[in-house]
Amino acid sequence: MKMSSLLAPTLREVPAEAEVESHKLMLRAGLIRKVAAGIYNYLPLGLKVIRKVETIVREEMNRAGAQEVLMPNAVPAELWKESGRWDKYGDLLLKFKDRKEAEFCFGPTHEEVITFMVRSDVRSYRQLPINLYQIQTKFRDEIRPRFGLMRGREFIMKDAYSFHETEESLDAEYKNMRAAYCRIFERCGLDYRIVGADNGDMGGSGSEEFMVLAKSGEDEVLSCSCGYGSNVEAARALPVRCDDVPEAQQGIEETPTPGKKTIEEVSAFLKKLPKQAIKTLIYTADNTPVMVLMRGDHEVNEVKLKNVLKAATLALADDATVKKITGADVGFAGPVGMKDIRVVADESVQFIKNGYTGANRTDFHLVNVKYGRDFMAPELFDLRITRKGDMCPACGQKALESHRGIEVGHIFKLGTKYSDSMNAQFLDRESASRPFIMGCYGIGIGRTAAAAIEQSHDEYGIVWPLSLAPFMVLVTPATPNDPVQMEIAAKLYISLREQGIDALLDDRDERMGVKLKDADLIGFPYKIIAGKTAAQGMVEVKSRRGAIKENVEIAKAVDMIRQSIQEKKY
RNA sequence: CGGGGCAUAGCGCAGCCCGGUAGCGCGCUUGGUUUGGGACCAAGAUGUCGCAGGUUCAAAUCCUGCUGCCCCGACCA
């Protein structure tokens, strides 16, 4: 390929829309262009990178025994109604109608379709286990698409689904996929961590995320040197005692706190610590009010709460509901004397000493409250948001560290959520019908490419991992229109291609500076420059990461690069 | 959905307050001089000033509505 005919429109200036480095560089290097919010054209260089990621994913999935299929983008509503997600998935689902007014959605994920596929044609335990995957364009009408390919609305995803007779079989495949994912992200040259995660609306029993560590990551990852790692949303928290409050437990009293509503206001007014507060929140879970108790300095993790309550919807109750339940204005709710409402508390609440909480009477709080003495023992759960510095829930010894991560892969044990709701069954060896036990495994293809840039770039441009670079080598004459240099460059280009090394010839009539800036921006791992000394048989070989910067005999240049590629060092 | 902001040439921006011939830099085209890290000179081309109404002799500029986009939050594999 000649650079003069390649559509690689590099930009000197950064388009105003881009915020993070991968997005800026993908635009500047001419990899992608925006078509609409969260929707992109992939230009030749961008597509080449995407294909490289796809190839790695495909090779490793096939090696792991999965079979590739392809499902439709347009999915009939009836499948999504069967699973119950037509309504539950909400506005993320892009819905439309065909000419007969039949409803469809653009598939944002394909559990329904794959379940349909398998229930139609897999009947016997003899056909299990089976793992089917596709690499395909998804559409999710994200509330706020951003960061280029990192969070698009239309994006390319590899999604795999496995079907099993037993939990043991699912466990084995889950491990198999986990190992395949490790190979994939290693081959992509990424620094990643595997962390515990919440299943979200996917349902099921367990899941882990593959996080690429990068400052711009949208997720917070908590980790410990003992090996524990978790998305902050799912991180477990150990109950915290209150041993450092020296005072002796005293008797409960009501005290006026006029107009003091927030933890800060009340604790300052009563001269108590925020961690002595019993924060009382009223939530509405599936239309039923629930009282939630937290230590004053802790935050509710609504994902945990939702899971504990087994609620489909969860939101803080409105002021009127709070008033009706507590008989007081918002800000004065407390658990003492509460009846006829479900009360759940974070585990740390039981250790609060001389606590204070709302008196369920406007402008009054109760002080010196003790769990178990002054209010009914409610249900205790881990409900708080785990924070950096908290004790590791796994080893209990060390404080958790916090990092930012980009979620490039997610593996789930789904169980029978979809096979149950969609009535997908097989016959086991006793001729009994049983629902398939399912797993599902996703990788964001474009996001993986973006993560690679996020993790590896410099002030000049992209520094590709060898495995993802759109071209391996750029060959260029230093002086345009110098026939000797051009001829040598062209010969080198041809011999690189003959050796199976993907090279690009920069035949443009541009000054050296322009060509080199473009080369660094696009991020070719290697450059060969045929310059002044080319006529004497010498060319310059340079690598993007700086390991190689040498004048060598023309005949040796190709070998040098080939060897460097083999050693995977440049 | 809440808060904030933007919309003028391919890209980055000025002009808007105070209404009166639409500009700058980069890029693009042509010619010339250059040629090892984003050259220089000269001559050019390119705009429904996001859309629709309104006010006015006159609207990029003032008013109203709409749309698109960006940022923060909420939400989200």
Side-chain angles (χ1 to χ4, degrees), chain A residues 7 9-20 23-24 27-28 30 33-39 85 88-93 107-111 138-148 150-153 155 157-161 197-204 207-211 218-219 231 233-234 302-303 306 313-316 406-412 414 440-445 447 459-461 476-482 485-486 506 508-522 527-534 538-540 542 549 551:
Chain A
L7 181 64
T10 56
L11 300 174
R12 194 178 288 203
E13 290 175 281
V14 186
E17 72 200 50
E19 185 75 5
V20 298
H23 189 194
K24 289 179 186 171
L27 289 168
R28 285 193 56 212
R33 286 290 184 264
K34 188 172 74 177
V35 178
I39 298 175
R85 289 207 294 182
K88 204 181 164 190
Y89 211 80
D91 292 334
L92 228 47
L93 202 57
T109 175
H110 281 73
E111 285 77 11
K138 304 272 191 260
F139 193 99
R140 293 182 191 174
D141 200 356
E142 293 278 352
I143 295 166
R144 190 143 93 83
R146 58 185 141 180
F147 304 156
M150 210 103 102
R151 179 171 293 270
R153 292 148 91 204
F155 60 100
M157 177 170 167
K158 186 284 300 179
D159 47 325
Y161 306 88
D198 182 74
N199 279 40
D201 289 331
M202 299 291 283
S207 78
E208 287 171 295
E209 291 169 335
F210 286 71
M211 292 282 190
E218 292 187 275
D219 292 291
N231 190 315
E233 291 169 11
E302 293 190 354
V303 175
K306 203 169 165 179
T313 63
L314 180 75
L316 274 170
I406 301 164
E407 181 193 349
V408 290
H410 200 156
I411 54 179
F412 294 86
L414 290 177
C440 108
Y441 320 91
I443 291 179
I445 301 291
R447 190 182 275 186
E459 58 187 306
Y460 304 108
T476 183
T479 312
N481 308 322
D482 179 318
Q485 290 181 15
M486 190 63 208
D506 194 346
R508 294 176 302 168
D509 182 13
E510 288 286 356
R511 297 167 67 87
M512 195 71 265
V514 173
K515 293 185 179 192
L516 295 177
K517 289 285 184 196
D518 275 347
D520 288 347
L521 180 58
I522 294 166
K527 296 186 279 278
I528 303 179
I529 302 161
K532 291 189 192 100
T533 56
M538 301 292 282
V539 290
E540 184 175 349
K542 275 178 153 177
K549 189 177 176 180
N551 287 300

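In what follows, every heavy atom counts, from backbone to side chain, and hydrogens, waters and symmetry copies are set aside. By convention in this document, chain letters (A, B, ...) are assigned in the order of the sequence lines, proteins followed by strands, and residues within each chain are numbered from 1.
The side chain of Val514(A) sits closest to G38(B) out of A74(B), G38(B), C76(B). Taking every side-chain heavy atom of Ala16(A) into account, G12(B) is the closest of A39(B), C75(B), G12(B). Closest approach to the Glu142(A) side chain among G36(B), C11(B), C76(B) is made by C76(B) (side chain taken as heavy atoms from C-beta onward).
Within the structure, every side-chain polar atom (N or O) of Arg144(A) is placed at least 4.0 Å from both OP1 and OP2 of C69(B). Remark: Arg511(A) is not in phosphate contact with G38(B), judged by side-chain N or O atoms under 4.0 Å from OP1 or OP2.
Within 4.0 Å (heavy atoms only), Ala37(A) reaches sugar-phosphate atoms of the nucleic acid but no base atom.
One donor-acceptor pair, N or O on each side, does fall under 3.5 Å between the base of G25(B) and the side chain of Glu13(A). No hydrogens or angles were tested; on distance alone, nothing pairs the side chain of Lys527(A) with the base of G37(B) as donor and acceptor under 3.5 Å. Taking only distance into account, the side chain of Arg12(A) never meets the base of C11(B) through a donor-acceptor pair shorter than 3.5 Å.
The distance between atom CD of Glu510(A) and atom P of C40(B), rounded to the nearest whole Å, is 13 Å. The interatomic distance linking Arg508(A) (CZ) with G37(B) (C1') rounds to 13 Å, in whole Å. Rounded to whole angstrom, the span from the CZ atom of Arg33(A) across to the P atom of G27(B) amounts to 16 Å. Here G38(B) presents its P atom at 15 Å from CG of Asp506(A), a figure rounded to the nearest Å. Taking atom CG on Leu27(A) and atom C1' on G10(B), their separation rounds to 14 Å, with Å as the unit. Counting to the nearest Å, the P atom of A74(B) and the CG atom of Asp91(A) are 18 Å from each other. Distance, His410(A) NE2 to C76(B) P: 14 Å, rounded to whole Å.
Tested against Arg146(A) for a side-chain contact (heavy atoms from CB on, under 4.5 Å), the candidates Arg144(A), Met150(A), Glu142(A) yield a single pass: Arg144(A).
One P atom belongs to U55(B), the other to C41(B), and the distance between them is 50 Å to the nearest Å.
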